[in-house]
2 protein chains.
Amino acid sequence: MNQNPTLKKIAERLNVSISTVSRALKDHPDISLETKKKINELADLLEYDPNPYAVNLRTHSSKEFAVVVPSLSNFFYHSFISAIEEEARIFGYSVIIYRSSNDAKIEQEILKSCRHKRVSGIFIAITSETTDIAPFLKLDVHGIPVIFFDKVPQYESCNKICVGDEHAAGIAAEEIMNKGIKNVLAIFGDKNMSITKARLEKFSSVIGQGEDVNLQILYATSTDEAEQVTLAALPGYVGRKFAVFCMSDEILAGSMKAIQRKGLQAPKDLGVIAISDGMIPLLFYPEITFAETSGYNLGKLSFSRMMRCIAGSSFAQTIVDESRLVVGGSM
Amino acid sequence: MNQNPTLKKIAERLNVSISTVSRALKDHPDISLETKKKINELADLLEYDPNPYAVNLRTHSSKEFAVVVPSLSNFFYHSFISAIEEEARIFGYSVIIYRSSNDAKIEQEILKSCRHKRVSGIFIAITSETTDIAPFLKLDVHGIPVIFFDKVPQYESCNKICVGDEHAAGIAAEEIMNKGIKNVLAIFGDKNMSITKARLEKFSSVIGQGEDVNLQILYATSTDEAEQVTLAALPGYVGRKFAVFCMSDEILAGSMKAIQRKGLQAPKDLGVIAISDGMIPLLFYPEITFAETSGYNLGKLSFSRMMRCIAGSSFAQTIVDESRLVVGGSM
DNA sequence: ATTTTAACCGCAAACGTTTGCGAAAACATT
DNA sequence: AATGTTTTCGCAAACGTTTGCGGTTAAAAT
């Protein structure tokens, strides 16, 4: 169990002081080129790397970001994390991933851990049960920037990066109108979620523009429920030209099961369109047309906002990422 | 930007020494009940938590585990991580998740970071391009146990926790035989992966037991390729009673697309069965019957192996988790 | 009344860094 | 030759803990 090399060991072997080694390694102008060379060579040889705990203890900064998500089994968060990691690598930060399991209590523990670790910043999609955002603001006060993404609190004065719910719902609705479809079955998620409200409002308003369009709106809070409500509603549509709109992947998975169960096939028997991050729609044939909410984009946006915060920008900002239509064969 | 409370602050406010506070907080017998009470009360009030960096610097132990996976967009790894987190929480460890993106270079960096952070142990599914396992063994020498799971190296003498490839392939094959199906189209993954070989061998051997069974074996290294090869093979089977076997979720996703494309429906037109962690099979109607490879089980097994290592067990062990048949409606 | 024992607590060093400050040596300026 | 100026480096304190050891009281034993 041989120890990792330390500044001290290098210093002793070279008959210089610890401070000289420290400075040489970070290219401090006080150290002569000759000494620097010597030191760097030995450091390379020994594969020296500073002990992050000691560094942090001394400097109070960790060069690592935390990403907190409710769940990992989610393509959207996955691509968000990818984007953050890509950027972080460039800037010499590492990223540590936390999963709150959508549990506010665990979320609190994670937050505490982040505070004690003095992470450089936090990207977080809050749980659906998070009500108290005071702890987040406290972090900000402690000098740890918090960027909320995707699932964000109502509170105004914080940094929020969201998908363009209205925009996504809008382009999905427009696609339906463009196809000249007059009968629309739309399945939305939990009525209480702000995301549902935003999508619903825009969707109905765009659909409402059309003449004598028949729009039926249903709600489901889970994949199973989505299957049930879709199953119950479908019989009313068979034979007519109609489309099913699903607000999310969760809903889409359920509705598609119902559609398959009824033996219906898109685009022959009906149109199907969704708002999605792009994983589920690709599992079916034909691939489902969807308005893309890109976790990757959101990640890039969030990161640049974070860097600005670290650089000193203190005013809060809400950024919305607009989505684009990915055309499959389901309409 | 008020600072976190420290031992020193508590000590000063109570007119005792730092060491007394430290000992009181960890219930050391040297400290009187009265003093302990005083100290604990103030600590609670101030929401004191030890600075992990200082603790680590002093003790050389971090009470955190690292989980390294090639990808996060994977239900199997997700449930593995869930299991680890559940257990870790119980034992007072936290877990930090790394993603190697299936890149051996990134994997090396992660390993280095783990070493410097002196994590208490590492759970890792190696990348498919990892050839040199010396760095892993070196960690073990440094006193950091390494548990390989799922994607494990060939090297004998290390701790490996794997899914029971043979067993899973076996029960899938048996299910096919039990249904009296004589024509089988089996799609496997990358020929070079050990997992493919293991599954293939067992599958063919069980199927081979049956009389005049017609088995066709195809390979695909991606979802798209799986769709292509399935598409090409399907016409030869229509009209006959047959089954499609998919070695993995990746394959299943592709094959299902081909099956839908041909307008075939399970179980009417064919049987479908797979080896899966259980996410994808549930997206279709009827749900696909599959031999379950449980990430959750693997996580539990891995964790208990880890704790044994930490407790001092030094001999390496390979554990195989057998799977069970989850019956959907596709056969 | 003296010694032994136990209960309780503080001192100080150590973990590996970073960094302000001061000092020695070398060099340049009068 | 004396003074000023760089260049180059080391000292030592600090970050917040943990812990061996020793010291002080008070109670118990002689």
Side-chain angles (χ1 to χ4, degrees), chain A residues 1-40 42-43 46-64 112-113 115-119 142-143, chain B residues 1-40 42-43 46-64 112-113 115-119 142-143:
Chain A
M1 185 157 167
N2 64 52
Q3 285 302 313
N4 286 326
T6 66
L7 290 184
K8 195 172 170 187
K9 294 214 188 86
I10 298 183
E12 277 167 2
R13 285 185 46 168
L14 257 32
N15 264 336
V16 293
S17 78
I18 295 180
S19 18
T20 304
V21 180
S22 174
R23 283 192 254 255
L25 257 18
K26 36 176 55 68
D27 207 24
H28 192 285
D30 264 11
I31 310 298
S32 73
L33 281 132
E34 200 190 359
T35 339
K36 271 182 195 164
K37 187 151 165 288
K38 258 190 349 194
I39 292 177
N40 276 300
L42 185 57
L46 264 39
E47 294 184 18
Y48 170 81
D49 260 292
N51 179 321
Y53 294 98
V55 174
N56 185 284
L57 188 58
R58 185 57 229 259
T59 65
H60 292 186
S61 89
S62 65
K63 286 289 244 178
E64 58 184 14
K112 206 204 274 185
S113 162
R115 187 153 50 91
H116 290 121
K117 291 174 102 101
R118 309 189 213 237
V119 296
H142 277 240
Chain B
M1 187 157 164
N2 64 52
Q3 284 302 313
N4 286 327
T6 67
L7 289 184
K8 195 172 169 186
K9 293 212 190 93
I10 298 183
E12 279 167 1
R13 285 186 47 167
L14 256 34
N15 265 335
V16 293
S17 78
I18 295 181
S19 17
T20 302
V21 180
S22 174
R23 281 191 255 256
L25 255 19
K26 38 175 54 67
D27 208 23
H28 192 285
D30 263 12
I31 310 298
S32 72
L33 282 136
E34 198 190 0
T35 333
K36 271 182 196 164
K37 187 153 164 288
K38 254 189 354 195
I39 293 179
N40 275 301
L42 185 57
L46 264 41
E47 293 185 22
Y48 170 81
D49 259 291
N51 179 321
Y53 293 98
V55 174
N56 185 284
L57 188 57
R58 185 56 228 258
T59 64
H60 292 188
S61 89
S62 65
K63 287 289 245 176
E64 59 184 13
K112 205 204 273 184
S113 160
R115 186 153 51 89
H116 290 121
K117 290 176 104 103
R118 311 191 213 235
V119 297
H142 279 239

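Order of the sequence lines fixes the chain letters, A, B, ..., with proteins taken first and strands second; residue numbering starts at 1 for each chain.
Atom OH in B/Tyr53 sits about 14 Å away from atom C1' in C/dT17, given to the nearest Å. The distance between atom NZ of A/Lys26 and atom C1' of C/dT17, rounded to the nearest whole Å, is 8 Å. Atom CG in B/Asn15 sits about 16 Å away from atom C1' in C/dC8, given to the nearest Å. Distance, A/Leu25 CG to C/dG16 C1': 13 Å, rounded to whole Å. Spacing between atom NE2 of A/His28 and atom P of C/dT19 amounts to 9 Å, rounded to whole angstrom units. Distance NZ (B/Lys8) to C1' (D/dA13): 11 Å, rounded to an integer number of Å. Remark: P of C/dC15 and CG of B/Asn51 are 18 Å apart, rounded to the nearest angstrom. A/Ile18 places its CD1 atom 14 Å from the C1' atom of D/dC9, with the value rounded to the nearest Å.
Across every non-hydrogen atom of B/Leu57 and A/Ala54, the tightest pair is CD1-CB, 3.8 Å. Scanning both residues, B/Tyr53 and A/Glu64, for their nearest heavy atoms gives OH-OE2, 3.9 Å. Looking at every heavy atom in both residues, A/Leu25 comes nearest to A/Ala43 through CD1-CB, 4.0 Å.
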Item to complete: Evaluate the side-chain hydrogen bond (donor to acceptor under 3.5 Å, both in side chains) criterion for residues B/Ser22 and B/Ser19: first the C-alpha distance (whole Å), next the side-chain angles of each, then the deciding distance (0.1 Å), finally the verdict.
Response: CA-CA 5 Å; B/Ser22 174; B/Ser19 17; over 6 Å; no
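Nearest-nucleotide mapping onto DNA chain C: of A/Asp30 and A/Tyr48, the residue sitting toward the 5' end is A/Tyr48. Between B/Leu57 and B/Val16, it is B/Val16 whose nearest contact on DNA chain C lies nearer the 5' terminus.
Nearest nucleotide to the A/Ile31 side chain, out of C/dG16, D/dG16, D/dC9: D/dC9.
Between the side chain of A/Ser19 and the base of D/dC11 there is at least one donor-acceptor pair of N/O atoms closer than 3.5 Å. Side-chain atoms of B/Arg23 and base atoms of D/dG20 include a donor and an acceptor less than 3.5 Å apart.
Of the candidates A/Ile10, A/Leu14, A/Ile31, A/Ile10 is the only one forming a side-chain contact (heavy atoms from CB on, under 4.5 Å) with A/Val21.
Within 4.0 Å (heavy atoms only), A/Ser22 reaches at least one base atom of the nucleic acid. When heavy atoms are screened at a 4.0 angstrom cut-off, A/Thr59 is found touching the sugar-phosphate backbone but no base atom.
Side-chain N/O atoms of A/Ser32 include one lying less than 4.0 angstrom from OP1 or OP2 on D/dC9. For B/Ser17, no side-chain nitrogen or oxygen approaches OP1 or OP2 of C/dC11 to under 4.0 Å.
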